[in-house]
Amino acid sequence: MKDAVAGLFEQALDQLISQGIIDAADRKPVQIENTRDPAHGDLATNVAMMHAKAAKMAPRTLAELVLEQLPQSDSVQSTEIAGPGFINIRLAKGAAFEPVIRCLTEHHQFGFHQATNERVQVEFVSANPTGPLHVGHGRGAAYGATLVNLLKARGHQVEAEYYVNDAGRQMNILAVSVFIRYLEHTGESVVFPSAGYQGDYISELGATLFQHAGNSLQVSYDALLAGVPNDSEETKDTHIDGLIQNTKESLGDDWLKPFDLALTAILDDIKDDLSEFGADFDEWFSEKSLVTSGEIDQAIATLEERGHLYEQGGAIWFRSTDFGDDKDRVVRRDNGETTYFASDIAYIANKFSRGFDRIIYVWGADHHGYIVRIKAAAQALGFDPERLTIRLVQFAILYKDGERLQMSTRSGSFVTLRELRDDVGRDACRYFYVMRKADQHLDFDLSLATSQSKDNPVYYIQYAHARICRVFEGLEGQPFDEQRGLDHLTSLVTQEELDLATAIGRFPEVVSKAAASLEAHVICYYLQDLAADFHRWYNGTRLLVDDMDVRDARLALAKAVQTVIRNGLDLLGVSSPRSM
RNA sequence: GCGCCUGUAGCUCAACCGGAUAGAGCAACGGCCUUCUAAGCCGUAGGUUGCAGGUUCGAUUCCUGCCAGGCGUGCCA
């Protein structure tokens, strides 16, 4: 509807330009807005104000000329000039309920847009597979999954990807942690390194390894400590690195046994966790594959060819300062190992090589320092950094009964995502995680999320859906005739009914805007408003009246509301219960 | 120190690429259930949009400075 009206004003602008009143070079696109105040009509545009300066005319004077050139249309009932030069538009009565017809026609597709050829990749969560996901990862999972749904709704071809950090030092620490727990089962007396992973799951994996391998991997712990610094606050990192080195040498190929056991078990757990959370991935991309395929060396070679590398102090540096970074970054250390950043560079190159038109990263906010360098890398490799979008997700702070919950990953006493889901349920989790702008701190009130009260926005919205379902179950002998309902939409006359129809009509543009700006939270606000509009109407108007024409018109409106709520909640990964 | 983000009602947050009188929920106060789910609805009260300038017909929105808070700033991953 907005687009149609905008088209009329574009035609008017064409006329004014051909008349020489406005110079073609000064033309700006017509903006049509929803009015906030019903007294201003249904839609409004600021074209006159936007072009007043170029036309050397007072905005209201120009507005009159615009209206003189405005083509006739069945959908526009009246126009008026108001305020500093707004043109307010009142839509024809029949047009008001057009969204209801469209919604009931399109059903599950209502709010969704035509398919495009644009291929988008969204990479999210990508937590190191060194332990179960915790509540901090949950928000990235919920946000990323919703983003995928939104972009699909907007017609894009979307692929969800998880980058598995299965190479690098953290994985070695994980493997050696499991191996030391294993040694305990073989009767070795060990002192667990303070930089190792502490959680119970590490002990369980050690036990599992013992079940599989028995004593076949047993080595003397004293031998592993040979030449390794003491485990003190200052040397704990070199301590565990020494342990890793000695363990690798002592085990040889068997090193992969604790390594793969831990990786597989933890990654499987993460996959199950995310699947139960409704976050589905098309691709689990292995960092290790970048090493074995030679893509890391290839990426470094490409940067070398393009003249973006130099050597200093035995290390190879990427001159990222050429692309706005505040310092250059090491890609290959003096010991010959490539850095984590080198993997990132190869990964970017890999993503672009797969032909995505747009690549979106969802990162925890603690990674914001990496944005510049990753964009620098993309540019240095010759890719358009505009095709690369990085969205940050701030941490969620959990509260319970007004108390802030502390979590510490070090001690292993963190709250896992699974625990959170068990506690508050998937629906509340998904909703609460995305109800605020992603790049802002989120206060996650567990008490509220678990409460079955009107204060809980999830229940508030779901309740509206359930109420509608129950109405349809109460029809008894006289089934709903949708066509009769649509034929008598004119019997919907109250302000509440007009508001609902307007709200339904806004859904497609809300979805489109949410997808375009990558802001999932607007869906939450929209659904809360829609549910409020519905509850208000429902409270004051009986739907099941004797007059079948009126009844079915109201049921048609109710069904449209139900459809929009379900489509909206689907986008969020929240269920739409039929009864509560 | 430098960089990024954030300051809106007592609290948690909105405000549609700059629009008309800045909106919701919670908390406070007062009402509505013999009728489709009261897990609901209606009403009242609550504001110098951190401060000071600037750009504009118009600024919560854009720019500059200051104040306050958060995060980041390794040949770590």
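Just so we're on the same page: letters track the sequence lines, and every chain starts at 1.
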When you measure from the side chain of [X], which nucleotide among [options] comes out closest?
X: Asn34(A); options: C16(B), C57(B), G70(B); answer: C16(B)
X: Arg467(A); options: A38(B), A39(B), C17(B); answer: A38(B)
X: His368(A); options: C16(B), A15(B), C71(B); answer: C71(B)
X: His441(A); options: A77(B), G19(B), G70(B); answer: G70(B)
X: Met580(A); options: C36(B), A39(B), G19(B); answer: A39(B)
X: Gln440(A); options: A14(B), A20(B), A77(B); answer: A14(B)

Whole-Å [atom1] distance, [N] and [M]:
N: A24(B); M: A15(B); atom1: C1'; value: 10 Å
N: C16(B); M: G7(B); atom1: P; value: 13 Å
N: U55(B); M: U60(B); atom1: P; value: 16 Å
N: A52(B); M: A59(B); atom1: C1'; value: 15 Å
N: G23(B); M: G46(B); atom1: C1'; value: 13 Å
N: G65(B); M: C4(B); atom1: P; value: 11 Å
N: U49(B); M: C42(B); atom1: P; value: 28 Å

Quick one: are [X] and [Y] in side-chain contact, heavy atoms under 4.5 Å?
X: His521(A); Y: Met435(A); answer: no
X: Phe86(A); Y: Thr45(A); answer: no
X: Phe318(A); Y: Val330(A); answer: no

Where the chi angle of C26(B) falls, syn if within 90° of 0 and anti if not: anti
Salt-bridge criterion met for [X] and [Y] (N-O under 4.0 Å):
X: Arg484(A); Y: Asp552(A); result: yes
X: Lys559(A); Y: Glu482(A); result: yes
X: Arg329(A); Y: Asp326(A); result: yes
X: Arg470(A); Y: Glu473(A); result: yes
X: Arg551(A); Y: Asp546(A); result: no

Quick check: [Y] with [X] (ring centres under 6.0 Å apart)?
X: Tyr526(A); Y: Phe507(A); answer: yes
X: Tyr370(A); Y: His367(A); answer: yes
X: Tyr399(A); Y: Phe444(A); answer: no
X: Tyr162(A); Y: Phe285(A); answer: no

Can you pull out the residues from [range] that lie within a 4.0 Å heavy-atom distance of RNA chain B?
range: residues 542-562 of chain A; value: Arg542(A), Leu543(A), Leu544(A)
range: residues 527-540 of chain A; value: His535(A), Arg536(A), Tyr538(A), Asn539(A)
range: residues 168-178 of chain A; value: Gly168(A), Arg169(A), Gln170(A)
range: residues 322-340 of chain A; value: Lys327(A), Val330(A), Arg333(A), Asp334(A), Tyr340(A)

Parallel, tilted or perpendicular: rings of Trp537(A) and Phe534(A) (30°, 60°): perpendicular
Would you mind reading off the distance between [X] atom [atom1] and [N] atom [atom2], rounded to a whole angstrom?
X: Leu442(A); N: U12(B); atom1: CG; atom2: P; answer: 12 Å
X: Phe507(A); N: C16(B); atom1: CZ; atom2: P; answer: 20 Å
X: His367(A); N: G74(B); atom1: NE2; atom2: P; answer: 14 Å

Distance (rounded to the nearest 0.5 Å) between Lys375(A) NZ and Tyr361(A) OH: 11.0 Å
Phosphate OP1/OP2 of A15(B) contacted by His521(A) side-chain N/O (<4.0 Å): yes
Residue-phosphate contact under 4.0 Å: Lys236(A) side-chain N/O, C76(B) OP1/OP2: no
Sugar-phosphate, base or nothing in reach of Ser517(A), heavy atoms under 4.0 Å: nothing
Of Asp439(A), Leu150(A), Leu151(A), the residue whose pairing with Leu518(A) passes side-chain contact (heavy atoms from CB on, under 4.5 Å): Leu151(A)
Whether Phe86(A) stacks on the six-membered ring of G19(B) base, 5.5 Å and 30° limits: no
Paired and unpaired positions of RNA chain B as dot-bracket, Watson-Crick or G-U wobble under 3.5 Å, | denoting a partner strand: (((((((..((((.....[...)))).(((((.......))))).....(((((..]....))))))))))))....
Exercise answer: donor-acceptor pairs, residues 54-66 of chain A side-chain atoms, under 3.5 Å, sequence neighbours excluded:
unit_1, atom_1, unit_2, atom_2, d
Arg60(A), NH1, Gly83(A), O, 2.6

Trace of the side-chain hydrogen bond (donor to acceptor under 3.5 Å, both in side chains) decision for Gln495(A) with Asp499(A): CA-CA 6 Å; Gln495(A) 190 59 49; Asp499(A) 288 347; 2.9 Å; yes
